[in-house]
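Heads up, the thing below is written out as structure tokens.
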Amino acid sequence: MPKKAMEILTESMFYVLMALSKGPMCGIEIADYVEKRTNGRVLLGPATLYTILGKFEKEKWIKEIEVEGRKRTYRITDTGLTAYEQEVERLKQCVQDAFAAQQE
């Protein structure tokens with residue numbers, strides 16, 4: 001059976017929520033945070049970033065809190081923080097499973 005949309009996050013989606021879990025940010029701040037956190041392994045172009053932000057707004061995982069010209073600032077909602085924390089736990093379990101499989 002196919003997974004529901006947003007049930008498992010892409011790597012880019014995960015890092016966007018991680019960034020916003022640190023506090024409100026605009027798009028450029030989010031992209032910079034992700035690039036620094038991943039040592040350049042994950043780069044978010046504008047199209048990818050704003051597609052993700054649009055999906056998260058639709059799901060009410062984030063909320064736009066300020067607009068200054070073209071600069072839009074977002075904050076994570078309680079729903080978004082819960083989704084992020086659940087994904088962290090899912091990923092921890094994946095890594096634990098991988099380590100256990102190596103010991104077999």
Side-chain angles (χ1 to χ4, degrees):
M1 176 182 268
K3 298 281 184 189
K4 293 187 316 183
M6 308 290 284
E7 190 171 314
I8 295 178
L9 303 179
T10 66
E11 186 174 32
S12 296
M13 293 165 86
F14 176 76
Y15 280 107
V16 168
L17 285 180
M18 180 188 294
L20 290 170
S21 76
K22 302 299 178 191
M25 294 185 191
C26 70
I28 291 171
E29 292 168 326
I30 294 167
D32 287 347
Y33 176 89
V34 171
E35 182 177 356
K36 287 177 185 154
R37 171 60 50 197
T38 64
N39 293 316
R41 184 177 50 79
V42 177
L43 301 174
L44 295 173
T48 299
L49 177 59
Y50 287 100
T51 297
I52 290 169
L53 292 173
K55 287 179 183 179
F56 286 171
E57 275 192 293
K58 183 178 178 186
E59 294 294 322
K60 301 199 184 325
W61 287 9
I62 65 171
K63 180 175 177 66
E64 184 180 270
I65 59 169
E66 187 177 344
V67 178
E68 286 183 44
R70 294 181 62 182
K71 179 181 176 184
R72 298 177 182 279
T73 301
Y74 302 89
R75 73 165 176 79
I76 196 166
T77 63
D78 289 342
T79 304
L81 191 56
T82 297
Y84 171 69
E85 291 168 348
Q86 288 174 343
E87 184 67 0
V88 168
E89 289 305 313
R90 186 189 74 79
L91 292 170
K92 281 183 189 176
Q93 188 60 57
C94 289
V95 171
Q96 289 173 357
D97 291 345
F99 282 129
Q102 288 177 336
Q103 302 304 315
E104 293 177 348

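All values derive from a computational prediction rather than experimental measurement. Heads up: numbering here begins at 1 and tracks the sequence.
Between Glu29 and Met25 the shortest heavy-atom distance is OE1-CA, 3.2 Å. Among all heavy-atom pairs drawn from Val16 and Phe56, the shortest one is CG1-CE1, 3.8 Å. The nearest pair of heavy atoms linking Ile52 to Ser12 is CD1-CB, 3.6 Å.
In the hydrophobic clustering of ILVMFWY residues, with side-chain heavy atoms under 4.5 Å counting as a link, Val42 and Val88 come out together. Placement of Met18 and Tyr50 within a single hydrophobic cluster is found when ILVMFWY residues are connected by side-chain heavy-atom separations under 4.5 Å, directly or transitively. Following chains of ILVMFWY side-chain contacts shorter than 4.5 Å, one cannot reach Ile28 starting from Met13, and the two form parts of different hydrophobic clusters.
Atom CD1 of Ile62 and atom CG of Leu81 lie 13.5 Å apart (nearest 0.5 Å). Here Glu11 contributes atom CD and Leu44 contributes atom CG; the two are 9.5 Å apart, rounded to the nearest 0.5 Å. Taking OH from Tyr33 and OG1 from Thr38, the interatomic distance works out to 10.0 Å, rounded to the nearest 0.5 Å. Separating the NZ atom in Lys60 from the OG1 atom in Thr77 is a distance of 9.5 Å, to the nearest 0.5 Å. Here Tyr15 contributes atom OH and Glu35 contributes atom CD; the two are 13.0 Å apart, rounded to the nearest 0.5 Å. Between Ile76 atom CD1 and Ile65 atom CD1 the span is 12.0 Å, to the nearest 0.5 Å.
Note on residues 70-87: pairs passing salt bridge (Lys or Arg N to Asp or Glu O under 4.0 Å), not counting sequence neighbours, are Glu64-Arg72, Glu87-Arg90. Applying the ring-ring contact (aromatic ring centres under 6.0 Å, His included) rule to pairs touching residues 76-104 yields Phe14-Tyr84, sequence neighbours excluded.
Residues Val34 and Leu49 are not in side-chain contact: their nearest non-hydrogen atoms beyond the backbone lie 4.5 Å or more apart.
Atom CG of Leu91 is surrounded by more than 12 heavy atoms from other residues, nucleotides or ligands within 6.0 Å.
The salt bridge (charged side-chain N to carboxylate O under 4.0 Å, His left out) check on Glu66 picks up nothing, with sequence neighbours excluded.
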